[in-house]
Q: 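Shown below is the structure under consideration.
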Amino acid sequence: MATTYIRRLDGRRPPQGSSSAGRFKSNPMRGGGSSRRTSGDGIHRSSGGRPSPRQGGGGRGGKRGFQEMQVDLSRLINKAVPAAETPAYVPEHAFVDFEVEQALKDNIISKGYVNPTPIQDQSIVHVLAGKDIVGMAQTGTGKTAAFLIPLIDKVLKNANERVLIMVPTRELAIQIEQEFYGFSKRLNLNSVVCVGGAGIDPQIRVLRRKPAFVIGTPGRLKDLMERRELDLSKFGTVVLDEADRMLDMGFIPDMRFILGHMPENRHTLFFSATMSREIENLIGSFLNDPVRVMVKTRDTASTIDQDVVRAGRGEEKFNKLVELLKRPDFEKTLVFGRTKFGVERMTRDLVRSGIRAESIHGDKTHGKRQKALSLFKADHVDVLVATDVAARGLDISGVSHVINYDLPATYEDYTHRIGRTGRAGKGGMALTFIDG
Ligand code: AMP
């Protein structure tokens with residue numbers, strides 16, 4: 001029977017907000033960690049109590065990979081408990097209640113959606129009323145439909161309306177378009193994905209037909225504007241999705257450039273998984289009197305079983321990885337490495353060790369990334385090895401394990417990584433390799 005995990009046994013929550021975005025800190029006396037014993041599989045089990053200074057002093061783990069990173073083990077170990085203990089969210093609305101076109105409602109229903117998720121429940125009415133929105137939500141909360149449903153309705157009611165959706169990664173753009181297809185069936189609406197790493201000419205051809213929805217990454221959108229193939233002066237609506245990630249990736253100048261070419265009185269929807277002063281500044285400059293929807297984001301760090309794996313370096317570490325991946329319970333595993341080169345090499349070595357693995361990172365062409373992703377999604381490979389940027393925002397169902405082979409740079413990256421497992425009511429496990 002599948003078990004759903006929801007909260008730490010000790011009731012502690014990892015720090016949220018800006019502190020969680022900081023680098024891991026080594027502080028063995030933080031407490032709340034656990035004394036650990038090593039079982040034969042090298043995975044350390046938590047059994048309560050404080051870590052000893054040696055156990056907590058995971059700074060040793062930072063000697064390789066991220067030089068400056070130190071590890072607080074207590075943040076990497078968590079025993080999740082069954083979900084039955086948390087009350088289910090009771091939505092205020094049902095999809096049938098929203099005042100959207102019947103044909104759109106039919107598509108929502110045929111997608112199998114019955115009840116809105118919290119972000120949908122709390123933002124759709126405001127978007128329908130034309131309000132600017134700040135939605136604090138991660139991937140996995142249903143935020144895509146929270147903006148697509150009311151915006152499709154807006155376009156249906158006004159054929160001249162055009163919508164720009166700006167996202168940090170190609171993968172996210174494609175995922176949004178796929179969701180758009182589901183909602184826009186038989187509605188005679190067009191869309192185009194404008195992302196780097198894919199040929200620009202086909203994008204230009206579609207753009208010339210003036211599709212109602214343009215979904216793209218900032219760099220490519222700017223490029224298309226500079227070639228005079230994208231005129232944003234007629235776009236009345238913009239969605240900035242995963243704005244915090246766009247900030248992290250250095251897209252702010254491009255975003256300012258792009259928004260600077262849109263009408264001042266545009267309708268702006270802004271989604272971010274985290275809040276910070278810089279994000280507040282963006283909200284202040286891009287939005288007009290927004291409604292803020294702060295649904296409790298999925299507390300991934302507490303809903304997933306987490307543990308560390310002590311292993312030496314080099315071959316010993318790699319062999320440990322192979323040993324884990326060959327276990328039958330590691331049905332569908334996402335392995336994170338730090339560099340594109342390391343990810344590529346690890347994948348090659350895994351394949352040589354008899355493991356069905358694919359890789360996804362920024363050095364691969366767009367087509368190859370999509371291919372790897374679909375092989376993994378369709379269970380044709382069991383392991384996907386990824387860098388942080390490549391994996392951000394991916395919606396892959398049924399991931400049984402996430403393995404941090406290399407430590408992430410920040411705790412926020414850690415929660416993003418492990419959030420790829422334990423989704424949609426399924427249990428999941430995250431394991432982090434540390435020096436041992
Ligand atoms: P998102 O956070 O937008 O990436 O959505 C995460 C997943 O939840 C996607 O696979 C959606 O198709 C699915 N989803 C979104 N909203 C609903 C809903 N109201 N009911 C059922 N599934 C949903």
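Note that these values count all heavy atoms, side chains included, but never hydrogens, waters or copies made by symmetry. Atoms within each ligand, like the ligands themselves, are counted from 1 in listed order.
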Q: For ligand 1, which atoms have a heavy atom of T144 less than 4.0 angstrom away?
A: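 By the 4.0 Å cutoff, the relevant atoms are 1 (P), 3 (O), 4 (O).
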Q: When you measure from the centre of the six-membered ring of F376, is the NZ or CZ of K332 closer than 6.0 Å and no more than 45° off the axis?
A: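 That pair qualifies as a cation-pi contact.
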Q: Counting only nitrogen or oxygen atoms and a 3.5 angstrom limit, does G142 reach ligand 1?
A: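 It does: an N or O of G142 is found under 3.5 Å from an N or O of ligand 1.
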Q: Looking only at heavy atoms of I119, does any of them come nearer than 4.0 Å to an atom of ligand 1?
A: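 Flag not set, I119 not near ligand 1.
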Q: Honestly, is K111 close enough over F183, meaning NZ or CZ under 6.0 Å from the six-membered ring centre and within 45° of the axis?
A: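 Yes, K111 lies over the aromatic ring of F183.
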Q: Does ligand 1 have a heavy atom under 4.0 Å from the side chain of E179, from its backbone, from both, or from neither?
A: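 For E179, the contact with ligand 1 is made by the side chain alone.
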Q: For T141, take its heavy atoms, then give the atoms of ligand 1 lying under 4.0 Å from any of them.
A: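 Under 4.0 Å from T141, ligand 1 has these atoms: 2 (O).
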Q: Is any side-chain heavy atom of I152 closer than 4.5 Å to a side-chain heavy atom of F213?
A: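 Result yes, sub-4.5 Å side-chain heavy-atom pair found.
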Q: Excluding sequence neighbours, so at least two apart, what forms ring-ring contact (aromatic ring centres under 6.0 Å, His included) with F336?
A: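 None.
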Q: Could I get the full list of ring-ring contact (aromatic ring centres under 6.0 Å, His included) partners for H261, not counting sequence neighbours?
A: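 ring-ring contact (aromatic ring centres under 6.0 Å, His included) check on H261 returns F257.
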Q: Angle between ring planes, F147 versus F271, binned at 30° and 60°: parallel, tilted or perpendicular?
A: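 Answer is tilted, since the angle falls between 30° and 60°.
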Q: Under 4.0 Å from a heavy atom of F95: which atoms of ligand 1 are those, numbered in the order shown and with their elements?
A: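 By the 4.0 Å cutoff, the relevant atoms are 19 (N).
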Q: Please work out, at 4.0 Å between heavy atoms, whether the side chain, the backbone, both, or neither of V114 comes within that distance of ligand 1.
A: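 None of V114 does.
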